[in-house]
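Here's the structure, in C-alpha cells; my notes come after.
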Amino acid sequence: MFYDQILEASNYIQSKVNRKPVIAIVLGSGLGAIVDSLENKEEISYASIPYFPCSNIEGHKDQLVFGNLKGKEIVCMQGRFHYYEGFTMRQLSFPIYVLRQLGVQDLIVTNACGGINESFQPGDLMIIEDYINLLGDNPLIGDNDERLGPRFPDMSQPYNLECIALAKEVAKQLSIPYQTGVYALFNGPCYETAAEIKAYKVLGADAVGMSTVPETIVANYLGMRVLGIACITNMATGISKVKHSHEKVVEVANQSSQQLCQWIQSMIENWK
Ligand code: HPA
C-alpha cells in the first residue's frame, strides 16, 4: 500500500541519518548552490531509498542532502522528477510524502522556467503566486488515504501568503529584485510552440516550465506551507526569437543561483 511505502522509505532514511528537518528545498536545474552553504551535511542517494524514483537529468545529482542552515534543520532534494521522464504524477511526487513523514512542515520549490510576461528578462527570479496545471493529470488521482489528506483538497492559495510576504520582505532588505506571477506546468519534454505560448498568455500565465506543480499539489494536500521561486532562464517560444537549449537554461540558472541562495538563506534565518 502507498502509505506503507512512505513509511518504509522514511524509516530507511531515519535508520541512516538521525535528522529532523523542518524545511525542505527542492532544487531546480542549475540552482543547487544552497547545498554548499549547509553545515553538518549528510547525504543519501535516491537510489538507496525504497520506492524512491531515480532520474538522470544533466544538472541534477539525485540525492537528499541534510544539513543545518542558519540554525535550522534543512533537507534539500538535489535532483527532482519530471512527468516527461515517464514517471506517473504519483511516483514523481513520492519524495514529498516521505519528507512530510520525516517531519518537514514547509517546502520551498525552485525551478528554471521560460518567461511569458514580456516585462521579464532571463535571469529574473519570480515568486510564484499561483499555478495553472496544463496537464490534465494530477498526483492525487487514485485511491485516497485519509491518513494523508482529504479527497478534495482546497487549492485557493497553493503558495502560502505568509511565506510570500517573508520572501518579499527579505528581498527588500537585501535589495534583491524579483518578479511575481503565475507558473504554468507544461508536460515537455519538447519546448512549447509559439502558438501554445500565445494561448497560455491569454490564460494568464507569466512563466512556463515542466515541474513544481505536482510537488506543490501534494505538499498542500499534506498540509505543508509552500513557497515557490522560479528562475526565468529564457523567454518562452515566440516571445523571443532565440532557440532554446537545455545548456543555456542551466547556464542562466547557474548565474542566478548565488542570488537565489542568498535570498533563501536569509528567508530561512527569519523563517517563522
Ligand atoms: N519552457 C518550458 N520549460 C522550461 C523553459 C521553457 O521555456 N525554460 C526552462 N524550462
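Whatever order the structure lists them in is the order used to number ligands and atoms, beginning at 1. No hydrogens, no waters, no symmetry mates; every other heavy atom, side chains included, goes into these values.
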> Nearest protein heavy atom to atom 5 (C) of ligand 1, by residue and atom, and its distance?
Replying inline: Gly114 N, 3.4 Å
> Side-chain donor-acceptor pair under 3.5 Å between Asn40 and Glu42, yes or no?
Replying inline: no
>> Return the closest protein heavy atom for atom 7 (O) of ligand 1 as residue, atom name and distance.
In response: Asn234 ND2, 2.9 Å
> Among protein heavy atoms, which sits nearest to atom 3 (N) of ligand 1, and what does the distance come to when rounded to 0.1 Å?
Replying inline: Gly209 CA, 3.4 Å
> Counting each atom of ligand 1 from 1 as listed, which ones have a heavy atom of Thr233 under 4.0 Å away?
Replying inline: 8 (N), 9 (C)
>> In this structure, does ligand 1 have an atom that sits under 4.0 Å from one of the heavy atoms of Phe186?
In response: no
>> Below the 3.5 angstrom mark, is there an N/O of His244, backbone or side chain, next to an N/O of ligand 1?
In response: no
> Is it true that Glu169 and Lys172 have a side-chain N and a carboxylate O under 4.0 angstrom from each other?
Replying inline: no
> Just checking, is any N or O donor in the side chain of Thr216 or Tyr159 under 3.5 Å from an acceptor N or O on the other one?
Replying inline: yes
> Can you tell which of Tyr131, Phe186, Tyr83 makes a side-chain contact (heavy atoms from CB on, under 4.5 Å) with Val213?
Replying inline: Tyr131
> Does a side chain donor of either Asn68 or Glu73 reach within less than 3.5 Å of an acceptor in the other side chain?
Replying inline: yes
> For atom 10 (N) of ligand 1, which protein heavy atom lies nearest, and how many Å away is it?
Replying inline: Ala112 O, 3.3 Å
> What atoms in ligand 1 come closer than 4.0 Å to a heavy atom of Glu192?
Replying inline: 1 (N), 2 (C), 6 (C), 7 (O)
> Parallel under 30°, tilted from 30 to 60°, perpendicular over 60°: which one fits the rings of Phe52 and Phe81?
Replying inline: perpendicular
